Amino acid sequence: MEKLSNDIKEKFEAVEYNYKTIENNINEAAVKSGRKREDIVFLAATKTVEPAVINHAINCGLRYIGENRVQELLSKYDSYDLEKCDLQFIGHLQTNKVRQIADKVSLIQSVDSVKLASEIARQAKLCGKKMNVLIEVNIGREENKSGVFPENLDELICEIKDIENITVKGLMAIPPICDEKSQICKYFENMHRLFIDISSKKYDNMSMDYLSMGMSDDYREAILCGANMVRVGSALFGKRIYK
Ligand SMILES: *Cc1c(COP(=O)(O)O)cnc(C)c1O
């Protein structure tokens, strides 16, 4: 520790403090919604964060991280301490880049087309694995945003679930930016309803394990609305600095 610069020491202390705060908040929201802390996955969104800081969070107890750019994931990959931590892909993924990450991530959160799912399956097969995926839903039906529209979700899942080497594990959403908490809760509630609807159909070759929604500003609300995976970036690592 002596060799660490003051700058990184400060960052480490902030991350440790933030980690504990978020843990407490997740625990509280879980209990409030009739669940336990263990029922909720706390995934850290690590874009722009240097590996030393990510690894410090892992030392604090973090067990899931997610990157959202392929290039950045590749450049940081050898530095992550992945012995106790799971690496996922959470950003928009181009079909031609699947090959570069298929052997490196345990789950891809952002599948919104059969074309992408088929390529993920093809690359997973080449790595001798089955890839877990979440289907991204464009719950606000926003133009220029990834994700399948809610009304097309069932059809897309039916097309993807029987593809070999891929397993649908749940749903993910990034709702529109809202000024008020009550607005964002409407989107979270709509997502939860979709999640319950699909789960109740009990399709083969699929298990609706995860409902991934909620970020730094609203992960507590998301949990109260039924999320069991939250993706938190700046509340853990501080404001992002884009280089
Ligand atoms: C960056 C990011 C997050 C986290 O955002 P914060 O507001 O910093 O918590 C969550 N999900 C995805 C897909 C992201 O890219």
Side-chain angles (χ1 to χ4, degrees), residues 11 14-15 17-26 29 40-51 53-54 57-58 60 62-76 80 85-94 97-98 101 104-113 116 120 132-140 142 144-148 169-181 183-185 187-188 191 195 210-225 227-243:
K11 269 190 206 168
V15 164
Y17 178 83
N18 294 339
Y19 180 82
K20 286 180 187 154
T21 306
I22 296 165
E23 271 292 323
N24 279 333
N25 291 339
I26 290 176
I40 315 290
V41 172
F42 169 13
L43 176 140
T46 49
K47 57 179 174 281
T48 75
V49 182
E50 58 194 305
V53 176
I54 298 171
I58 295 171
C60 296
L62 184 69
R63 291 295 168 264
Y64 299 85
I65 59 174
E67 288 287 350
N68 70 341
R69 291 188 191 89
V70 169
Q71 221 41 56
E72 187 175 340
L73 184 151
L74 295 177
S75 73
K76 284 150 80 172
Y80 301 125
C85 189
D86 198 55
L87 174 64
Q88 306 190 358
F89 193 79
I90 62 175
H92 176 67
L93 182 57
Q94 286 170 281
K97 294 199 173 155
V98 175
I101 62 162
K104 299 182 177 64
V105 301
S106 65
L107 185 143
I108 296 173
Q109 295 214 2
S110 42
V111 174
D112 60 1
S113 71
L116 178 58
I120 291 171
N132 294 323
V133 302
L134 305 185
I135 306 298
E136 181 174 355
V137 181
N138 184 347
I139 193 63
E142 293 170 280
N144 308 320
K145 202 157 173 179
S146 346
V148 61
K169 285 281 188 186
L171 306 179
M172 180 269 223
I174 308 172
I177 293 166
C178 297
D179 295 332
E180 293 190 25
K181 288 274 153 77
Q183 275 178 299
I184 197 133
C185 286
Y187 292 113
F188 289 152
M191 277 303 298
F195 182 73
Y210 300 111
L211 176 56
S212 170
M213 58 186 191
M215 314 201 288
S216 287
D217 290 334
D218 50 33
Y219 63 92
R220 279 165 284 197
E221 287 79 10
I223 293 169
L224 293 176
C225 294
N228 61 9
M229 183 187 279
V230 292
R231 308 178 309 270
V232 179
S234 44
L236 177 61
F237 298 116
K239 205 170 173 310
R240 274 185 290 280
I241 300 159
Y242 290 94
K243 288 192 188 116

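Note that ligands are numbered from 1 as they come in the structure, with each ligand's atoms numbered from 1 the same way. This one's a predicted model, so the numbers in the text were calculated from it and none came from an experiment.
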List every atom of ligand 1 that sits less than 4.0 Å from any heavy atom of [X], numbering the atoms from 1 in the order shown and giving each element.
{"X": "N68", "result": "15 (O)"}
{"X": "V232", "result": "9 (O)"}
{"X": "S234", "result": "6 (P), 7 (O), 8 (O), 9 (O)"}

Open item on the list: So T46 and E72, do their side chains get closer than 4.5 Å, heavy atoms only?
Closed with: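 The answer is no; the side chains never approach within 4.5 Å.
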Open item on the list: With heavy-atom distances below 4.5 Å as the criterion, would you say the side chains of V41 and N228 are in contact?
Closed with: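 V41 does not reach N228 side chain to side chain.
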Task: Proximal candidate to atom 2 (C) of ligand 1 [heavy atom criterion; set M215, R231, R240, K47] - done: K47
Task: N or O contact, A235 vs ligand 1, cut-off under 3.5 Å - done: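 The answer is no, given that A235 and ligand 1 share no N or O pair closer than 3.5 Å.
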- [ ] Rounded to the nearest 0.5 Å, what's the gap from CZ on R240 to OG on S216? Could you check?
- [x] 7.0 Å
Open item on the list: To the nearest 0.5 Å, what is the distance between CG on L236 and CD1 on I54?
Closed with: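 That separation rounds to 10.0 Å.
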Task: Enclosure of F42 CZ (heavy-atom neighbours >12, cutoff 6.0 Å) - done: yes
Open item on the list: Looking at K145, I want to see if its NZ is surrounded by more than 12 non-hydrogen atoms of other residues, nucleotides or ligands under 6.0 Å.
Closed with: yes
TODO: Please report which non-hydrogen protein atom sits nearest to atom 9 (O) of ligand 1, along with the residue it belongs to and the distance in Å to one decimal place.
DONE: S216 OG, 2.5 Å
Open item on the list: Which residue and atom name correspond to the protein heavy atom nearest atom 13 (C) of ligand 1, and how close is it?
Closed with: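 Checking every protein heavy atom, the shortest distance to atom 13 (C) of ligand 1 gives I90 O, 3.5 Å.
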